[in-house]
Amino acid sequence: VLAWNTTLSSHLRHGDLREATELFRQIPDTRKNVVTYNTMITGYAQAGQLHLAWQIFDAAPKHSIVSFNAILSGCAMHGDLQSAASLFHRMPAWNTVSSTAMIRVLSSRGRIEEARDVFDSMAEHDSISWGTMIHGYLQSGNLHVARDLFHRLPHKTVTSWTTIMSGHGDRGDMEAAAAIFAAMPEHSLVTCNALIAAYARAGQVDEAKRVFAAMPERSVASCNTIVAAMCGAGEVDEAETVIASMPVVDVISSTAIMSGYARAGHLDRAKSLFDSIPEKNRVSWTAILSATVELGNVEEAKCLFDQMPELDVVAVTALIAAYARAGHIDPALELFLAIPDPDDVSWLAIIHALVENGQIAAARGMLELMPDRSND
RNA sequence: UUCCCGUACUAGGAAU
């Protein structure tokens, strides 16, 4: 069983859900233990296949707290607060993992106070629950509380240092971020990537390049980060040289350089790049969609939209904005009303669309319908 | 030194 379980999780670590499923089927039920089931539950839950995750859960003869946590984390990872909360309250027991997953989903949905309640009610904390709570405060824009918690954190890890460094960078305080970087006892690959990304967001591409050049080792994410930074500064040619030097590229690299071309006005180059991406995902599709929208081509954008294999709120919002800019408020409204769970950006997009088209009363109505996530 | 669950970095949307 041990060998099977190890192979199973190795497939999942490589993102090979098919292979894992195949193996899981081949293992005789009598030879599976609770870990085998839990591993498979995790695989489905992280892939967003909650239904299949529950199927395995129900098929398992025994459950441990890990079985519950695996599903809970899947919900948390996908921002499904409703499912997460109801499972959290139905579980027979909680440990730090359960509470941390709950803190994460609550704070990612703007429920920072409730996240803090969970944190405060925990029997004991570890560096991960601290880090998650700190990250939650940063996401809600509360740098002061985040910093205060960080200072009270008994055992700071490279991860918590990186979290607080990025938090300062997000606020545009690159001096503080750089000071934190210098003060940390050690740097990981992710720490350096985070600093590069922070410099890029602050518009300091040269500093970003300096950090990148000084890195002893680089991951695909490191290269993708600097590629995006260069593209954001309009240096697509230089970004191409980074891409050319990479031993492997992924869908993120391709989408980044494609957007770079699109933003630089080379839509044709962007399109041919798009066609050459083997593993296009929602993000690649939306990127080419909004590049098309940028050029005011609503018909073509709609055509792309209809071809998308899967939609999300980001893609729909891009098309809403396209219609609105062209003065077509009706299809924009229709699209908006079909979104199952509109987020703040899509609400603001439709309200802005109504205002721009002179429908002030309707805009006012929408504004009132918009849920105030900070107060409940 | 011991198979399964939670935290930090990279590509897409509105406004500013």
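The chains referred to below are lettered A, B, ... by the order of the sequence lines, with proteins before strands, and numbering in each begins at 1. No experiment lies behind these values; they were computed from the predicted model shown.
In terms of heavy atoms, A:S346 sits closest to A:I339 at CB-CD1, 4.2 Å. Between A:I288 and A:T292, the closest heavy-atom pair is O-OG1, 2.8 Å.
Under 4.0 Å is where a charged nitrogen must lie from a carboxylate oxygen, and between A:K271 and A:D275 no such pair does.
Judged by atom type and distance alone, A:D312 does not reach the base of B:rG13 through any side-chain donor-acceptor pair under 3.5 Å. No N or O donor and acceptor, one from the side chain of A:N281 and one from the base of B:rG12, sit under 3.5 Å apart.
Within the structure, salt bridge (Lys or Arg N to Asp or Glu O under 4.0 Å) contacts touching residues 148-163 of chain A (residues at least two apart or in different chains) are A:D148-A:R152. Listed by first and then second residue, the ring-ring contact (aromatic ring centres under 6.0 Å, His included) pairs that reach into residues 89-108 of chain A are A:F88-A:W94, sequence neighbours excluded.
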Mind running salt bridge (charged side-chain N to carboxylate O under 4.0 Å, His left out) on A:R210 and A:E207 for me, showing each step along the way?
-> CA-CA 5 Å; A:R210 196 181 50 70; A:E207 287 301 305; 2.7 Å; yes
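For A:Q139, no side-chain nitrogen or oxygen approaches OP1 or OP2 of B:rU7 to under 4.0 Å. For the OP1/OP2 pair of B:rG6 and a distance below 4.0 Å, the side-chain nitrogens and oxygens of A:R104 include no atom meeting the criterion.
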Could you tabulate the donor-acceptor pairs under 3.5 Å formed by side-chain atoms of residues 62-74 of chain A, not counting sequence neighbours?
residue	atom	partner	partner atom	Å
A:H63	NE2	A:F57	O	2.7
A:S64	OG	A:N38	ND2	3.2
A:S64	OG	A:V66	N	3.2
A:S67	OG	A:N38	OD1	2.8
A:S67	OG	A:S64	N	2.8
A:S67	OG	A:S64	O	3.0
A:N69	OD1	A:S98	OG	2.9
A:N69	ND2	A:N95	OD1	3.2
A:S73	OG	A:N69	O	2.6

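Note: CZ (A:R282) to P (B:rA11) measures 15 Å, nearest angstrom. Straight-line distance from the CZ atom of A:F212 to the C1' atom of B:rU10: 11 Å, rounded to whole Å. Taking atom CD1 on A:I56 and atom C1' on B:rC4, their separation rounds to 14 Å, with Å as the unit.
Note on A:T100: a base of the nucleic acid sits closer than 4.0 angstrom, heavy atoms only. Residue contacts for A:T162: at a heavy-atom cut-off of 4.0 Å it reaches a base atom on one of the strands shown. Residue contacts shown for A:T159 include a base, since a base heavy atom lies under 4.0 Å away. Among the atoms of the strands shown, none is found under 4.0 Å from any heavy atom of A:T36. Nucleic acid contact class of A:R201 (heavy atoms, under 4.0 Å, all strands): sugar-phosphate only. A:V220 comes within 4.0 angstrom of nothing in the nucleic acid, heavy atoms only. Looking at heavy-atom distances under 4.0 Å, A:D126 makes contact with a base.
Note: A:H187 and A:F181 have parallel aromatic rings, judged against thresholds of 30 and 60 degrees for the angle between ring planes.
A cation-pi arrangement is present between A:K32 and A:F24, with the terminal nitrogen or guanidinium carbon under 6.0 Å from the aromatic centre and inside a 45° cone about the axis.
In the region residues 86-98 of chain A, proximity to RNA chain B at under 4.0 angstrom, judged on heavy atoms, holds for A:T96, A:V97.
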Enumerate the protein-to-nucleotides 14-16 of chain B contacts in which both atoms are nitrogen or oxygen and the separation is below 3.5 Å.
residue	atom	partner	partner atom	Å
B:rA14	OP1	A:R325	NH2	3.4

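Consecutive Watson-Crick or G-U pairing (both distances under 3.5 Å) never extends over three or more pairs in RNA chain B.
With hydrogens and angles ignored, the 3.5 Å screen pairs no side-chain donor or acceptor of A:S10 with any backbone N or O of A:T6. In terms of modelled atom types and a separation under 3.5 Å, the side chain of A:S290 and the main chain of A:V293 share no donor-acceptor contact. At distances below 3.5 Å, not a single donor-acceptor pair connects side-chain atoms of A:T255 with backbone N or O atoms of A:I252.
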